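Input: a single structure, listed below in structure tokens.
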Amino acid sequence: MESLNDNTQNSTIVAHPPPPPSRVEIGNGSNTDDNVTSTVTRQEIQRIIKNVLATTGIIARGHIVRARRKRLTFVTSFIEQQLYNAASTYDDYANLDTLYKRMSRVLTALIIHEQLLI
């Protein structure tokens, strides 16, 4: 696994995280196949994570974590996979109201893990 240490920047800490995206449409409503809907939703969640990492960043342990362009896809995929594996239900995974907080927790856990390896 690649280290994220070179992607953390100690900057001014934002008092409030950016607001979550308003709403993500899941599928087109005409298909009842859960696998198709899951794939579309996971792609949408990845798009949201990528957008946050590329623009505002995610606050974790007092650092604003942003990903460089060449590592953006790797970091996005890692965070999304961790969120998917940690969710007890699909509704928990797709909940946009808690997405930012869950992304921050994943990165915090990764930073703590990286610090323990040093």
Side-chain angles (χ1 to χ4, degrees):
M1 177 180 3
E2 296 182 54
S3 173
L4 293 180
N5 288 339
D6 60 335
N7 286 333
T8 56
Q9 299 176 2
N10 194 2
S11 302
T12 304
I13 298 177
V14 180
H16 301 286
S22 57
R23 182 180 156 108
V24 175
E25 291 297 325
I26 301 172
N28 59 10
S30 63
N31 192 338
T32 58
D33 184 8
D34 286 337
N35 291 332
V36 172
T37 303
S38 298
T39 302
V40 172
T41 302
R42 289 189 72 178
Q43 289 172 350
E44 288 297 316
I45 295 293
Q46 284 183 351
R47 182 186 59 77
I48 293 167
I49 294 169
K50 186 179 252 187
N51 185 40
V52 170
L53 283 171
T55 56
T56 60
I58 300 170
I59 298 173
R61 292 187 62 93
H63 297 279
I64 298 176
V65 178
R66 293 184 185 94
R68 293 189 179 121
R69 184 175 295 192
K70 68 180 186 177
R71 298 188 64 202
L72 191 57
T73 302
F74 168 77
V75 176
T76 299
S77 296
F78 174 80
I79 292 172
E80 188 275 333
Q81 186 66 43
Q82 295 300 311
L83 293 175
Y84 186 77
N85 290 340
S88 57
T89 66
Y90 195 77
D91 289 335
D92 289 343
Y93 165 77
N95 185 351
L96 297 180
D97 294 332
T98 62
L99 181 61
Y100 185 88
K101 185 180 286 187
R102 292 182 291 130
M103 288 189 300
S104 180
R105 287 181 183 159
V106 165
L107 287 174
T108 298
L110 179 65
I111 291 169
I112 290 171
H113 178 74
E114 292 283 327
Q115 289 175 347
L116 291 175
L117 294 178
I118 295 175

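In this chain, residues are counted from 1 in sequence order. Computed from a predicted model, the values in this text were never measured in an experiment. Worth knowing before you read on, the calculation uses all heavy atoms, side chains too, and leaves out hydrogens, waters and symmetry mates.
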Practice problem: Evaluate side chain to side chain contact (heavy atoms under 4.5 Å, CB included) for Leu83 paired with Ile49, printing each intermediate quantity in order. | Solution: CA-CA 11 Å; Leu83 293 175; Ile49 294 169; 3.9 Å; yes
Discussion item. Measuring only between side-chain heavy atoms, which start at C-beta, is Phe78 closer than 4.5 Å to Leu110?
Written reply: yes
### Donor-acceptor contact present, side-chain Ser104 to main-chain Tyr100, <3.5 Å
no
| field | CA sep, side-chain torsions, deciding dist, call: Met103, Gln82, side chain to side chain contact (heavy atoms under 4.5 Å, CB included) | value | CA-CA 9 Å; Met103 288 189 300; Gln82 295 300 311; over 6 Å; no
Inset, instruction - Can you label the angle between the Tyr93 ring and the Tyr90 ring as parallel, tilted or perpendicular, going by 30° and 60°? - result: tilted
Between Gly57 and Ile64 the two heavy atoms that sit nearest each other are CA-CG2, 4.0 Å
d(Gln43 CD, Ile48 CD1) to nearest 0.5 Å is 12.0 Å
Would you find a donor on one side and an acceptor on the other, under 3.5 Å apart, between the side chain of Arg102 and the backbone of Ala87?
no
Fill in: Verdict with supporting geometry, Lys50 and Arg47, side chain to side chain contact (heavy atoms under 4.5 Å, CB included)
CA-CA 5 Å; Lys50 186 179 252 187; Arg47 182 186 59 77; 5.7 Å; no
Applied to residues 103-113, the salt bridge (Lys or Arg N to Asp or Glu O under 4.0 Å) test, sequence neighbours excluded, yields none
The reported gap from CG in Leu53 to CD in Gln46 (rounded to nearest 0.5 angstrom) is 11.5 Å
Only one of Ile79, Thr108, Leu107, Val75 passes side-chain contact (heavy atoms from CB on, under 4.5 Å) with Val65, and that residue is Leu107
Step-by-step side chain to side chain contact (heavy atoms under 4.5 Å, CB included) determination, Val106 to Ile58: CA-CA 10 Å; Val106 165; Ile58 300 170; over 6 Å; no
